[in-house]
Amino acid sequence: MWQGRWLGVVYLNLATLFWGSTFVLVKDSLQTLEPGQVNFLRFAIASLALAPFLLRGEGRLWRAGLELGLLLFVAYLTQTIGLEYTTASRSAFITTLYVVILPVLLGLLGHRLGRSVWWAAGLAIGGVGLLSYDGSPPNQGDVWTLGTALAYALYIWRLERLAPRFPALSLTAVQMWVVALGSFFWMLGEKPAWNLAQFPYLSLLYLGLVASALCVWLQALGQRLVSAPQAAVIFTLEPVYAAAFAFVLLGERLGGQGLVGAGLILLATLISQLQSDRPHPEQVTPDAG
């Protein structure tokens, strides 16, 4: 049982690692493209890469993928709108509130959660705050970003329930098509211009194939084996990985406060795994599809 759980932890950490590597690439893409263009193109690439796995789809799979895809689209939409008004570091902090929203939601639904979950959630929020919160005054972007935290909390919760029921690749494929379609209509509202001379081809390929298709598939595999509250804590490692990539690629260094924050997030991740060795709801043996 522990071997299965730690395999799930590895899947989720890999997804979080890749997400942490995307900040520089997204920033590069936004130099020449609008936010809606970036999201449409990355998810269109992911959709095309996973298109063969739609052939295995059936009614229940499409309904599940539609539900998850809409939640994922709302998360990306609200975060992007929020970033027009608030800073990236403040956005990262507010988005991470899903680590607290999720256990509160599960508690309201009657789930019994261990103390380790609450301790881990509190430490993770404190760590992300030290690592990225900039102390700027509240603004309307914060409200939009709270929508991101809520949408992602709902996404993690529903994925825990739906991932064990369907082939992971097929479920991921449907989600990518839903997000791509939503992003297409969002992009049309921006009336985008296309500058092919400065088009960020490599960045978009990485965002589509790795940060979207691969990561959402890894998340689906991981949440077959790791509970939703534990997964939420693991995802708070994203700013830690982002800081590591910024150090390696850009030479940026964390100050003492940032190092303490990163340490708290790592501690939270470990604590989140310290619970009784009970079966994960609807746990199944993971497969590659």
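We count residues from 1, following the sequence as given. Bear in mind that the values here come from a model prediction, so they are computed numbers and not experimental data.
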Which atoms form the tightest heavy-atom contact between [X] and [Y], and what is the distance?
{"X": "V74", "Y": "A151", "value": "CG1-CB, 3.9 Å"}
{"X": "L207", "Y": "S29", "value": "CD1-OG, 4.0 Å"}
{"X": "L50", "Y": "A213", "value": "CD1-CB, 3.8 Å"}
{"X": "C215", "Y": "A15", "value": "SG-O, 3.5 Å"}
{"X": "A168", "Y": "L221", "value": "CB-CD2, 3.7 Å"}
{"X": "L70", "Y": "V178", "value": "N-CG1, 3.7 Å"}

Would L97 and I94 count as a side chain to side chain contact (heavy atoms under 4.5 Å, CB included) here? Give the steps.
CA-CA 5 Å; L97 291 177; I94 296 173; 4.2 Å; yes
Within this structure, what is the [atom1]-[atom2] distance for the pair [X] and [Y], rounded to the nearest 0.5 Å?
{"X": "Q223", "Y": "Q230", "atom1": "CD", "atom2": "CD", "result": "10.5 Å"}
{"X": "L102", "Y": "L105", "atom1": "CG", "atom2": "CG", "result": "6.5 Å"}
{"X": "N13", "Y": "L17", "atom1": "CG", "atom2": "CG", "result": "8.0 Å"}
{"X": "Q37", "Y": "T32", "atom1": "CD", "atom2": "OG1", "result": "8.0 Å"}
{"X": "M176", "Y": "W217", "atom1": "CE", "atom2": "CH2", "result": "13.5 Å"}
{"X": "F166", "Y": "L171", "atom1": "CZ", "atom2": "CG", "result": "7.0 Å"}

Do [X] and [Y] have side chains that approach each other closer than 4.5 Å (heavy atoms only, starting at C-beta)?
{"X": "N39", "Y": "M187", "answer": "no"}
{"X": "L209", "Y": "L214", "answer": "no"}
{"X": "N139", "Y": "D142", "answer": "yes"}
{"X": "Q219", "Y": "I156", "answer": "yes"}
{"X": "L77", "Y": "I81", "answer": "yes"}
{"X": "T80", "Y": "V38", "answer": "no"}
{"X": "F235", "Y": "W19", "answer": "yes"}
{"X": "P200", "Y": "L33", "answer": "yes"}

Any idea how F18 and Y206 line up, ring-wise: parallel (<30°), tilted (30 to 60°), or perpendicular (>60°)?
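Rings of F18 and Y206: perpendicular, as their planes differ by over 60°.
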Is a side-chain donor or acceptor of [X] paired with a backbone partner of [Y] at a separation under 3.5 angstrom?
{"X": "S183", "Y": "G36", "answer": "no"}
{"X": "E160", "Y": "A228", "answer": "yes"}
{"X": "T16", "Y": "E238", "answer": "no"}

With R158 via salt bridge (charged side-chain N to carboxylate O under 4.0 Å, His left out) - residues at least two apart:
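Only E67 meet the salt bridge (charged side-chain N to carboxylate O under 4.0 Å, His left out) criterion with R158.
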Ring pair (Phe, Tyr, Trp, His ring centres under 6.0 Å) against F199, all qualifying residues, sequence neighbours excluded:
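Y201.
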Going by the rule ring pair (Phe, Tyr, Trp, His ring centres under 6.0 Å), which residues pair with W144 if we only count those two or more places apart in sequence or in a different chain?
none
For the residue pair T148 / T78, report whether a side-chain donor-acceptor contact shorter than 3.5 Å exists.
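Indeed, the side chains of T78 and T148 share at least one donor-acceptor pair under 3.5 Å.
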Same cluster (ILVMFWY, side-chain, under 4.5 Å), Y85 and V143:
no
Can you list the steps and then say if L72 with V216 is a side chain to side chain contact (heavy atoms under 4.5 Å, CB included)?
CA-CA 10 Å; L72 203 57; V216 175; 4.3 Å; yes
Test applied, ring-ring contact (aromatic ring centres under 6.0 Å, His included); reference residue, F40; option that passes from F184, F73, W177:
F184
So, for Y76 and F43, is the gap between ring centers shorter than 6.0 Å?
yes
